[in-house]
Q: 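One structure coming up, written as structure tokens, with questions to follow.
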Amino acid sequence: MLSDIFYPDNPKRREQLIRKGQELKDLMKNNFRTTNQLTDAMNKYLSCSFEHIALNESATLRENCTLIMGCMCNIMAEVERIDRELKEELEPTLYENLRKLSLSSADFKAISKAFEAVCGVATVESAVFVGYLIDNVVTLANITKTYAIIVAGKFACVKLAVVFLGIDMIVKDIIGKIERDQLKKALEEYDKVLDEFRPASEQYQDKITYVRVKIEVEKEEMLA
């Protein structure tokens with residue numbers, strides 16, 4: 001572009017914006033996939049009936065965030081219900097052992113009846129899974145809060161396809177100084193979103209992956 005001669009930093013800013021858009025895309029897709037993995041596990045171990053959610057690139061960032069927020073709120077509501085009812089049903093020592101994932105085989109037998117009443121199923125896997133979910137409800141709340149921050153921002157009204165494609169879709173008809181200003185503004189918006197979104201997303205994905213892997217390990221230790 002001819003204007004790049006007079007504004008040599010513009011090409012660099014375009015590349016940065018495209019990279020940031022790709023990072024946001026990857027985080028969004030990973031969060032949707034992780035949420036579906038979480039609901040699959042809840043359906044399997046806790047007799048829930050959650051449906052998969054899908055990222056819609058034709059929708060805005062706000063619309064996609066609202067979709068996953070709604071699912072996360074439903075997940076948290078279910079975890080909080082199970083936690084509340086188990087706390088009421090179980091002896092305090094058994095409840096604390098569940099929360100700390102220190103249930104013995106005898107403890108598991110003692111909680112089975114209450115567990116089946118509250119969760120619709122009573123297996124070692126379901127007990128381990130519930131213990132981890134209760135312990136990580138703050139992580140669920142953090143990622144949901146992060147989405148809420150994005151929804152409240154000006155950037156949220158942008159179509160997701162535009163966000164993902166980067167600067168060619170945003171300022172393709174703008175040149176020179178105006179493009180520079182638009183690029184700087186867009187980069188600031190991306191940075192603001194990613195500074196909130198990146199750590200919460202990584203923590204969420206890591207925690208859910210860890211829970212899924214640890215279920216089998218804890219199952220073997222509990223039954224030993």
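None of the values given here were measured: they were computed from a predicted structure. Position 1 is the first residue of the sequence, and the numbers go up from there.
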Q: Is there a donor-acceptor pair under 3.5 Å between the side chain of Asn36 and the backbone N or O of Ile53?
A: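 Yes; at least one donor-acceptor contact below 3.5 Å.
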Q: Would you call Val118 and Glu88 a side-chain contact if the rule is heavy atoms closer than 4.5 Å?
A: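 No, their side chains stay 4.5 Å or more apart.
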Q: Between CG of Leu46 and CD1 of Ile82, what distance do you get to the nearest 0.5 Å?
A: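 So the gap between those two atoms works out to 4.5 Å.
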Q: In Å and rounded to the nearest 0.5 Å, what is the CG to CZ distance from Leu187 to Arg19?
A: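 Spacing of CG (Leu187) from CZ (Arg19) equals 9.5 Å.
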Q: Looking only at non-hydrogen atoms, find the nearest pair between Leu86 and Ala114 and report the distance.
A: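 In terms of heavy atoms, the two residues are closest at CD2-O, 4.3 Å.
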Q: What are the two closest heavy atoms between Ser102 and Asp107, and how far apart are they?
A: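 It is O-OD2, 4.0 Å.
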Q: In plain terms, say whether Glu96 and Lys87 are close enough for a salt bridge, that is, a side-chain N and a carboxylate O under 4.0 Å apart.
A: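 Judged by the 4.0 Å cut-off on N to carboxylate O distance, Glu96 and Lys87 do not form a salt bridge.
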Q: Has the side chain of Ser126 got a donor or acceptor atom that lies under 3.5 Å from a matching backbone atom of Thr123?
A: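 Yes; judged by distance alone, with no hydrogens or angles, the pair exists.
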Q: Within a strict 4.5 Å, meaning less than it, do heavy atoms of the Ile68 and Met28 side chains meet?
A: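 A side-chain contact under 4.5 Å is absent here.
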Q: Quick one: CE on Met69 to NZ on Lys145, what's the gap to the nearest 0.5 Å?
A: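 Met69 CE to Lys145 NZ: 12.5 Å, rounded to 0.5 Å.
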Q: If you take all heavy atoms of Gly120 and Ser47, which pair is closest and at what distance?
A: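 Looking at all heavy atoms of both residues, the closest pair is O-OG, 3.7 Å.
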Q: Any heavy-atom pair between the side chains of Phe32 and Leu67 that's under 4.5 Å?
A: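 Yes, close enough: below the 4.5 Å cut-off.
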Q: For the residue pair Tyr45 and Val121, what are the closest heavy atoms and their distance?
A: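 Closest approach of Tyr45 to Val121: O-CG1, 2.8 Å.
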Q: Kindly determine whether Asn56 and Glu63 satisfy side-chain contact (heavy atoms from CB on, under 4.5 Å), including the steps that lead there.
A: CA-CA 9 Å; Asn56 182 0; Glu63 290 167 335; over 6 Å; no
Q: Please find the pair of heavy atoms, one from Ala41 and one from Phe129, that lie closest to each other, and give the distance.
A: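 So the minimum-distance heavy-atom pair works out to CB-CZ, 3.5 Å.
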Q: Measure the shortest side-chain to side-chain distance between Val211 and Leu38 over non-hydrogen atoms and say whether it is less than 4.5 angstrom.
A: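 Not touching, per the 4.5 Å side-chain cut-off.
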Q: Compile the donor-acceptor pairs under 3.5 Å between side chains in residues 196-203 and protein atoms, sequence neighbours left out, one pair per line.
A:
unit_1, atom_1, unit_2, atom_2, d
Arg198, NE, Glu23, OE2, 2.5
Arg198, NH2, Glu23, OE1, 3.3
Arg198, NH2, Glu23, OE2, 3.2
Ser201, OG, Asn31, ND2, 2.9
Ser201, OG, Phe197, O, 2.7

Q: Give a yes or no answer on whether the side chain of Asn97 reaches the backbone of Leu94 with a donor-acceptor pair at less than 3.5 Å.
A: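 No, Asn97 side chain to Leu94 backbone: no donor-acceptor pair under 3.5 Å.
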Q: Do Asn74 and Glu78 have side-chain N/O donor and acceptor atoms under 3.5 Å apart?
A: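 No, no side-chain donor-acceptor pair sits under 3.5 Å.
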Q: Any donor and acceptor pair, going by atom type alone, linking the side chain of Asn136 with main-chain N or O of Tyr132 inside 3.5 Å?
A: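 A pair under 3.5 Å: yes.
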Q: Give, for atom CD1 of Ile143 and atom CE of Met72, the distance between the pair rounded to the nearest 0.5 Å.
A: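 It is 7.0 Å, given to the nearest 0.5 Å.
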Q: Please check: side-chain N/O of Asn64 versus main-chain N/O of Leu55, any donor-acceptor pairing under 3.5 Å?
A: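 Side chain of Asn64 to backbone of Leu55, a donor-acceptor pair under 3.5 Å: no, none is there.
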Q: Is it true that the side chains of Tyr204 and Thr146 contain a donor and an acceptor less than 3.5 Å apart?
A: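 There is no such pair (donor and acceptor under 3.5 Å, judged by atom type) between the side chains of Tyr204 and Thr146.
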Q: Set out, in order, the CA-CA distance, both residues' side-chain angles and the distance that settles side-chain contact (heavy atoms from CB on, under 4.5 Å) for Lys29 and Glu57, then state yes or no.
A: CA-CA 10 Å; Lys29 286 192 170 182; Glu57 294 190 20; 3.7 Å; yes
Q: Let me confirm one number: the CG-OG1 distance from Leu61 to Thr66, rounded to the nearest 0.5 Å.
A: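 Going from CG on Leu61 over to OG1 on Thr66, the span is 9.0 Å.
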Q: Return yes when atom CD of Glu91 has more than 12 non-hydrogen atoms of other residues, nucleotides or ligands closer than 6.0 Å, and no otherwise.
A: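 Open: at most 12 neighbouring heavy atoms sit under 6.0 Å from CD of Glu91.
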Q: For residues Cys65 and Val151, report the shortest heavy-atom separation together with the two atoms involved.
A: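 The pair with the smallest heavy-atom distance is CB-CG2, 3.5 Å.
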Q: Look at the side-chain heavy atoms of Ile, Leu, Val, Met, Phe, Trp and Tyr, link any pair under 4.5 Å apart, and say whether Tyr147 and Val79 land in one connected group.
A: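 Per the 4.5 Å side-chain linkage, Tyr147 and Val79 are co-clustered.
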Q: Would you say Arg81's side chain and Met76's backbone share a donor-acceptor pair under 3.5 angstrom?
A: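 Checked: no pair found.
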Q: Apply side-chain contact (heavy atoms from CB on, under 4.5 Å) to residues Leu90 and Phe115 and explain how you reach the verdict.
A: CA-CA 9 Å; Leu90 298 177; Phe115 219 86; 5.5 Å; no
Q: Between Asp83 (side chain) and Ile134 (backbone), is there a donor-acceptor pair under 3.5 Å?
A: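 No, the answer is negative, given that no donor and acceptor are paired below the 3.5 Å cut-off.
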Q: In terms of side-chain geometry, is the basic nitrogen of Asp191 or Lys20 positioned less than 4.0 Å from the acidic oxygen of its partner?
A: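 Salt bridge present between Asp191 and Lys20.
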Q: A side-chain contact here means heavy atoms from C-beta on lying under 4.5 Å apart; do Thr39 and Glu51 qualify?
A: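 The answer is no; the side chains never approach within 4.5 Å.
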Q: With no hydrogens and no angle check, is any side-chain donor or acceptor of Glu116 less than 3.5 Å from a backbone partner on Lys113?
A: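 Answer holds: no.
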Q: Can Tyr95 and Lys100 be said to form a side-chain contact (heavy atoms from CB on, under 4.5 Å), step by step?
A: CA-CA 9 Å; Tyr95 174 76; Lys100 296 176 182 177; over 6 Å; no
Q: Nearest 0.5 angstrom please: Leu98 CG to Asp135 CG, how far?
A: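 Going from the CG atom of Leu98 to the CG atom of Asp135 covers 10.5 Å.
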